[in-house]
Amino acid sequence: MTATPLFIFELANNHMGSVDHGLRIIREFGQAAREFSRNHAFRFAFKLQYRELDSFVHPDYRGRTDLKMVKRFMETRLGDADFQALVAEMHANGFTPLCTPFDEASVATIERHSIDWIKIASCSFTDWPLLERIAASAKPVIASTAGAALEDIDRVVSFFSHRQRPISLMHCVGEYPTPHAHYHLNQIDILRQRYPQVPIGYSTHEDPADTIAVQLAVAKGARLFEKHVGVPTAEWPLNAYSASPEQVRAWLSAAAAAFTLCGPEGRRHTAGTAERDSLDGLRRGVFARRPLPAGTALRDEDVFFAFPPQAGQLLANDWSKYARHVTTADVATNGAVLHAQLTTVHLREKVQDAVLKTKALLEAGHVVIPGQSDLEISHHYGMDRFDEFGLVMITVINREYCKKLIVMLPGQTHPEQHHLKKEETFLILHGEIRITLDGQARTCRAGDVVVVGRGVRHEFHTDTGVVFEELSSTHYPDDSYYTDPAIQNNPQRKTLLTYWM
């Protein structure tokens with residue numbers, strides 16, 4: 001099922017046992033649906049309910065009129081040909097036919113009528129004999145969850161997943177109509193978080209004049225919506241939770257407005273032109289602190305940041321250790337540094353590439369990472385040389401004792417360094433590494449343990465890529481001494497990330 005919103009009109013027994021009245025309902029709601037499928041790319045389904053009444057109702061109760069639901073089911077009975085006429089009318093009006101079966105025999109009728117989807121009513125949510133028959137039908141399933149405990153929902157989702165049957169869930173409250181205090185729309189959040197791969201919807205039983213609930217459901221991420229519908233007549237007025245065509249138009253309009261306000265799915269990557277121009281006009285521009293001849297690789301001491309910026313100017317927001325700017329034209333003192341006067345190389349993509357390759361090595365080594373672990377990329381000579389020199393360090397804990405996971409990519413070298421305060425033990429978890437201690441090299445593989453004492457110079461290189469565990473005393477940020485002073489004097493040799501997993 002796609003992310004395109006699906007709206008389901010529930011006919012239930014509102015056909016009142018009259019096929020002509022049922023056809024009228026489908027046609028009138030077909031007109032409303034066409035307006036919104038054109039303008040808002042909504043999809044629509046119409047839903048029937050099937051019961052094989054001669055076996056569904058116990059023989060001793062079939063003639064009873066004192067039992068409300070038995071009486072209603074019997075009085076609104078339609079024949080097989082009548083239901084097929086309704087299904088044909090659904091197709092003619094652009095609806096996807098959908099049906100709720102309440103017994104196993106009705107699933108066979110659904111198959112015979114070529115109905116596309118099966119809806120499981122809340123009362124049948126854990127009717128395991130019925131669920132077994134539904135799963136055997138190989139049709140997509142939508143299930144309402146009114147009254148179901150999370151453990152029951154877990155079981156039903158697992159039941160259909162293990163049988164490779166697609167399932168969607170709908171938050172639902174089985175009160176007709178549902179009072180405001182019982183909408184419990186936060187359950188949509190719970191379902192989405194617990195079952196991230198399952199489409200989540202909202203099956204409504206509120207007052208049909210209420211349009212707020214559907215907007216809140218849209219904002220919470222519901223993408224399937226169900227409402228009981230009917231056409232009122234002098235003979236057959238609507239019940240308290242079924243909507244007329246006019247009320248459904250208002251309901252759909254409210255949903256469409258909510259989708260517009262919420263915007264596209266996922267995080268927005270770029271601002272629109274008007275928003276970007278507005279923001280850029282309030283930012284600081286980059287100006288030359290001194291004359292900058294063409295060919296100058298810009299450094300912090302070459303520029304200053306000030307307001308107002310000029311059109312096409314390099315901004316303070318563009319200034320980062322991951323961007324290298326070289327002038328292609330002379331810039332005078334206090335002059336604006338323009339994009340047209342620069343060539344720029346961006347290295348941020350190399351950071352993302354390092355993260356992706358780190359994840360791949362961890363996965364290959366079956367190494368489990370605790371959630372929210374900080375990741376540190378060491379790029380001793382800059383990110384542009386990270387493929388040659390560097391490593392990635394994941395801090396698990398750093399107290400009186402310290403544990404880190406270290407990842408090096410194929411072909412990388414970690415330049416020689418030593419510590420004065422910290423003693424380290426390395427356990428190789430995956431891959432192969434050459435460790436050089438005070439000039440003496442040894443090759444280590446998964447399972448090998450290496451101890452590095454205080455003051456011992458150590459250098460690493462890997463041809464294959466490697467993951468190893470570092471156990472040590474407390475790590476101090478000023479306790480790494482590199483043999484090459486160019487590294488020691490480079491204050492921008494590290495990149496720290498928290499949200500990377």
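Count residues from 1 along the sequence.
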Subject >> salt bridge (charged side-chain N to carboxylate O under 4.0 Å, His left out) pairs, two or more places apart, involving residues 492-501 >> reply: Glu376-Lys494
Original post:
Where do Lys403 and Glu469 land on the salt bridge (Lys or Arg N to Asp or Glu O under 4.0 Å) test, with the steps shown first?
Top reply: CA-CA 7 Å; Lys403 174 178 175 176; Glu469 187 176 60; 2.7 Å; yes
Without placing hydrogens or testing angles, list every side-chain donor-acceptor pair under 3.5 Å for residues 389-400, not counting sequence neighbours.
unit_1	atom_1	unit_2	atom_2	d
Asn398	OD1	His475	N	3.0
Asn398	ND2	His475	O	3.3

**OP:** Quick one: closest heavy-atom pair of Pro199 and Ile167, and the distance?
**Re:** CD-O, 3.7 Å
Subject >> Arg445 with Asp448: basic N within carboxylate O range, under 4.0 Å >> reply: no
**OP:** Evaluate the side-chain contact (heavy atoms from CB on, under 4.5 Å) criterion for residues Gln341 and Thr327: first the C-alpha distance (whole Å), next the side-chain angles of each, then the deciding distance (0.1 Å), finally the verdict.
**Re:** CA-CA 6 Å; Gln341 299 170 317; Thr327 59; 5.7 Å; no
All N/O donor-acceptor pairs, side-chain side in residues 210-221, below 3.5 Å, sequence neighbours left out:
unit_1	atom_1	unit_2	atom_2	d
Asp210	OD1	Ile212	N	2.8
Asp210	OD1	Ala213	N	3.3
Asp210	OD2	His180	NE2	3.4
Asp210	OD2	Tyr183	OH	2.5
Gln215	NE2	Ala254	O	3.1
Lys220	NZ	Asn186	OD1	2.7
Lys220	NZ	Asp189	OD2	2.7

Subject >> Ring-ring centroid check His419 His458, cutoff 6.0 Å >> reply: yes
Subject >> Verdict with reasoning, Tyr481 to His418, per ring pair (Phe, Tyr, Trp, His ring centres under 6.0 Å) >> reply: CA-CA 5 Å; Tyr481 299 91; His418 68 277; 5.4 Å; yes
Subject >> Of all pairs that satisfy salt bridge (charged side-chain N to carboxylate O under 4.0 Å, His left out), the ones with a partner from residues 383-393, not counting sequence neighbours >> reply: Arg324-Asp384, Lys350-Asp387, Arg385-Glu388
Subject >> Exercise: do Thr436 and Glu459 side chains pair donor with acceptor under 3.5 Å >> reply: no
Subject >> Glu424 with Arg454: basic N within carboxylate O range, under 4.0 Å >> reply: no
Original post:
What do the steps show when you test Phe426 against Phe460 for ring pair (Phe, Tyr, Trp, His ring centres under 6.0 Å), and what is the final call?
Top reply: CA-CA 12 Å; Phe426 301 128; Phe460 311 134; 5.4 Å; yes
Subject >> Any residue meeting side chain to side chain donor-acceptor pair (under 3.5 Å) with His171, in chain and number order, not counting sequence neighbours >> reply: none
**OP:** Salt-bridge test for Asp438 and Arg457: reply yes if a basic N is under 4.0 Å from a carboxylate O, no otherwise.
**Re:** yes
Subject >> Intermediate values then yes/no, side-chain contact (heavy atoms from CB on, under 4.5 Å), Val351 and Ile377 >> reply: CA-CA 8 Å; Val351 172; Ile377 301 176; 3.8 Å; yes
Original post:
Do Arg34 and Phe36 meet the cation-pi criteria used here (NZ or CZ under 6.0 Å from the six-membered ring centre, within 45° of the axis)?
Top reply: no
Original post:
So, are Arg290 and Glu301 salt-bridged, with charged N and O less than 4.0 Å apart?
Top reply: no
**OP:** Provide the closest heavy-atom pair for Gln247 versus Ala209 in the form atom of the first, atom of the second, distance.
**Re:** NE2-N, 4.1 Å
**OP:** Can you establish whether the number of heavy atoms outside Glu363 located under 6.0 Å from its atom CD is more than 12?
**Re:** no
**OP:** Applying side-chain hydrogen bond (donor to acceptor under 3.5 Å, both in side chains), run through Thr178 and His205 and close with a yes or a no.
**Re:** CA-CA 6 Å; Thr178 308; His205 297 127; 4.7 Å; no
Subject >> Pair Tyr482-His380, ring pair (Phe, Tyr, Trp, His ring centres under 6.0 Å): steps then yes or no >> reply: CA-CA 10 Å; Tyr482 287 90; His380 307 90; 5.3 Å; yes
Could you go through residues 304-320 and list every donor-acceptor pair under 3.5 Å that involves a side-chain atom there, pairing it with any protein atom two or more places apart or in another chain?
unit_1	atom_1	unit_2	atom_2	d
Gln313	OE1	Gln310	N	2.7
Gln313	NE2	Val286	O	2.7
Asp318	OD2	Leu315	N	2.9
Trp319	NE1	Asp300	OD1	2.8
Ser320	OG	Tyr322	N	2.9

Original post:
Just checking, is any N or O donor in the side chain of Tyr381 or Asn490 under 3.5 Å from an acceptor N or O on the other one?
Top reply: no
Original post:
Where is the tightest heavy-atom contact between Glu432 and Thr462, given as atom of each residue plus distance?
Top reply: O-OG1, 2.7 Å
Original post:
Is it the case that Lys227 places NZ or CZ above or below the six-membered ring of Trp251, under 6.0 angstrom from the centre and within 45 degrees of the axis?
Top reply: yes
**OP:** Can you see which heavy atom on Ala41 is nearest to which on Thr4, and at what distance?
**Re:** O-CG2, 2.9 Å
**OP:** Would you please test Lys421 and Thr474 for side-chain contact (heavy atoms from CB on, under 4.5 Å) and show each step?
**Re:** CA-CA 8 Å; Lys421 301 177 183 178; Thr474 304; over 6 Å; no
